[in-house]
Every structure is written in C-alpha cells, then in structure tokens.
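Just so it is clear, the model here is predicted, and its values are computed rather than measured. We're numbering straight along the sequence, starting at 1.
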Amino acid sequence: YLYERPSARHSEKLYPVFQRGLADYKIMDGGYALAEIAYKAGADIVTVSAQTWDETILQTIQAARDYGKQVLVDMMGIKEEDIAERGKQIDNMHPDYICTHRAVSVNRETSSEKTLKILRETIRQTKIAVAGGIDLETLPKVLTYQPDLVIIGSAITNATEPRKVTKQIYEIMGKKK
C-alpha cells in the first residue's frame, strides 16, 4: 500500500494541521526493513506490535535510532491483566513510546483509560501514548492520566466538520490553532 498512497513527506502540504507522520504498521516481522521503508518515505514515527518477538521490537528501535526517528510500541491486543508485565519488558528496550490502544473493532463500552492508568503506574523510562476511540467526550478523561502523546483518528476523519472537531480538540488540550 505504501506505493499507492502519497508519502508521508507530502502530508504537510495536503494537511496543514499535520505535525508528525505516523506509519501505523504495527510491525510483526521484518522490523528494521519495514521501519526503514517508512522512514525513507518520510514517516517520523513507526509502530511495532507489542505482541511480536522482542527481537523484532529491538530491530525496529534500531532503525529508528539509525534514521533519527521514533518508534511506538502498540499494546493493542495485549490482555489487560498482562499490560503491566509486558509494559515493563518493553520499557527496558527503550522505545520512544509505549501506546495503549483500543481497537476500533472492540465495543464502545471499553476504554483506554484503565490500561493508560496501568501504564502510567508501571512505566519508568518510556513516554506513554494513547490511541483508539478518543473523541471530544473521552479526551478530557484521557488527559487526566497525562499521556505524552495522544493519537486521535476517527473522531476527526469521520467528522462531518473535521476542522471544527480539530479546533475543539486543540481547545480541550489547551492549545490554540
């Protein structure tokens, strides 16, 4: 798909609000090679799945270091009772971010808040990110756990007025745009 879509380096022109390009690959194998493709295409951050082998995560981290970019380890699919243990293991690998992520296919009653709280209590070295199901209603609750990075997708892309929603998000986060 990478070659059928505009590269991340063109995103700033297409989307003026663009701040950093995230290649949401959730890499499971070929960590260095896949991350390298994304970084060369202009991505600033590449995601790797927390469910993969430690070696794949370490390869992805190495690619990020070699290219002066960042890596986010996505905890999507890790059972809630395993979040703290896997989070500690990943924290010791020194990625840039560990992300709690509620899948879009998971019912609306679940939230990232509980797993975000678990990560906040257990992670010592790595920045914490949150993604999945964050909208104007859930954002204030998420912000109480002081995530270092908030990833908001469908609340903007599925909005009938995406610029208005984006402005409201910035206002909730205390930023002006």
Side-chain angles (χ1 to χ4, degrees), residues 1-2 5-26 35 38-39 41-50 64 67-78 80 83-84 87 90-91 94-177:
Y1 301 114
L2 179 66
R5 299 172 190 241
S7 70
R9 71 172 74 81
H10 300 295
S11 295
E12 289 180 24
K13 292 176 186 170
L14 294 171
Y15 307 102
V17 177
F18 178 86
Q19 291 184 2
R20 288 187 278 174
L22 178 105
D24 194 12
Y25 285 5
K26 295 180 189 70
Y39 295 136
D44 299 299
I45 304 171
V46 170
T47 66
V48 60
S49 175
Y67 282 88
K69 302 292 184 172
Q70 296 184 313
V71 63
L72 179 149
V73 182
D74 194 320
M75 300 288 276
M76 182 187 288
I78 302 295
E80 190 175 294
I83 290 283
I90 293 167
D91 192 30
H94 307 288
D96 297 287
Y97 296 96
I98 298 173
C99 182
T100 180
H101 191 163
R102 185 182 68 83
V104 293
S105 58
V106 173
N107 74 38
R108 185 71 180 139
E109 288 78 46
T110 65
S111 80
S112 299
E113 295 159 42
K114 189 168 184 183
T115 54
L116 181 57
K117 182 178 186 273
I118 293 167
L119 286 180
R120 184 52 69 203
E121 291 171 350
T122 58
I123 301 306
R124 299 291 174 241
Q125 306 171 69
T126 307
K127 293 178 182 176
I128 297 172
V130 60
I134 300 169
D135 56 26
L136 295 172
E137 181 183 326
T138 61
L139 181 59
K141 294 178 232 170
V142 164
L143 291 176
T144 63
Y145 296 101
Q146 302 177 337
D148 300 291
L149 177 67
V150 178
I151 301 167
I152 302 173
S154 61
I156 296 170
T157 59
N158 294 339
T160 55
E161 296 183 59
R163 287 181 189 260
K164 180 180 178 183
V165 170
T166 302
K167 185 177 179 187
Q168 291 172 312
I169 289 167
Y170 272 99
E171 288 170 0
I172 291 169
M173 295 181 76
K175 299 180 180 181
K176 302 289 181 209
K177 274 283 177 175

K.L.:
Find the distance between CD1 (Ile118) and OG1 (Thr115) and round it off to the nearest 0.5 Å.
P.N.:
6.5 Å
K.L.:
Return yes if some donor-acceptor pair links the side-chain N/O of Thr166 with the main-chain N/O of Ile156 below 3.5 Å, else return no.
P.N.:
no
K.L.:
Which heavy atom in Ala159 sits nearest to a heavy atom in Val165, and how many Å separate them?
P.N.:
CB-CG2, 3.6 Å
K.L.:
Quickly, which of Asp148, Thr126, Asp74 forms a side chain to side chain contact (heavy atoms under 4.5 Å, CB included) with Ile98? Name it, please.
P.N.:
Thr126
K.L.:
Working to the nearest 0.5 Å, report the span between CG of Leu136 and CD of Glu171.
P.N.:
10.0 Å
K.L.:
Just so I know, are the side chains of Ile134 and Ile151 near enough to count as touching, which here means a heavy-atom distance under 4.5 Å?
P.N.:
no
K.L.:
Side chains of Val150 and Met173: closer than 4.5 Å at any heavy-atom pair?
P.N.:
yes
K.L.:
Applying the side chain to side chain contact (heavy atoms under 4.5 Å, CB included) criterion to Val71, which one of Asp96, Ile45, Thr47 satisfies it?
P.N.:
Asp96
K.L.:
Which heavy atom of Ile90 sits nearest a heavy atom of Ala50, and at what distance?
P.N.:
CD1-CB, 3.5 Å
K.L.:
Side-chain contact test, heavy atoms from C-beta onward, threshold under 4.5 Å: evaluate it for Ile128 versus Arg120 and give yes or no.
P.N.:
yes
K.L.:
Compare every heavy atom of Cys99 with every heavy atom of Leu72, then report the nearest pair and how far apart it is.
P.N.:
CD2-CB, 3.3 Å
K.L.:
Does atom NZ of Lys164 have more than 12 heavy-atom neighbours from other groups under 6.0 Å away?
P.N.:
no
K.L.:
Backbone N or O of Val130 within a donor-acceptor pair of the Tyr97 side chain at under 3.5 Å?
P.N.:
no
K.L.:
As a quick check of understanding, evaluate salt bridge (Lys or Arg N to Asp or Glu O under 4.0 Å) for Lys117 and Glu113, giving each step before the final call.
P.N.:
CA-CA 6 Å; Lys117 182 178 186 273; Glu113 295 159 42; over 6 Å; no
K.L.:
What are the two closest non-hydrogen atoms of Tyr39 and Gln70, and how far apart are they?
P.N.:
OH-O, 2.7 Å
K.L.:
Take a 6.0 Å sphere around CD of Gln125 and say whether it holds more than 12 heavy atoms from other residues, nucleotides or ligands.
P.N.:
yes
K.L.:
Minimum heavy-atom separation for Pro140 to Ile172, with atom names?
P.N.:
CG-CG2, 4.1 Å
K.L.:
Is there a donor-acceptor pair closer than 3.5 Å between any side-chain N or O of Asp91 and the backbone N or O of Arg124?
P.N.:
yes
K.L.:
Calculate, to the nearest 0.5 Å, the distance between atoms CG and CD belonging to Leu139 and Gln168 respectively.
P.N.:
11.0 Å
K.L.:
Please determine whether the number of non-hydrogen atoms from other residues, nucleotides or ligands lying under 6.0 Å from atom NZ of Lys26 exceeds 12.
P.N.:
yes
K.L.:
Give the minimum heavy-atom separation between Pro147 and Leu116, together with the two atoms involved.
P.N.:
CB-CD1, 4.3 Å
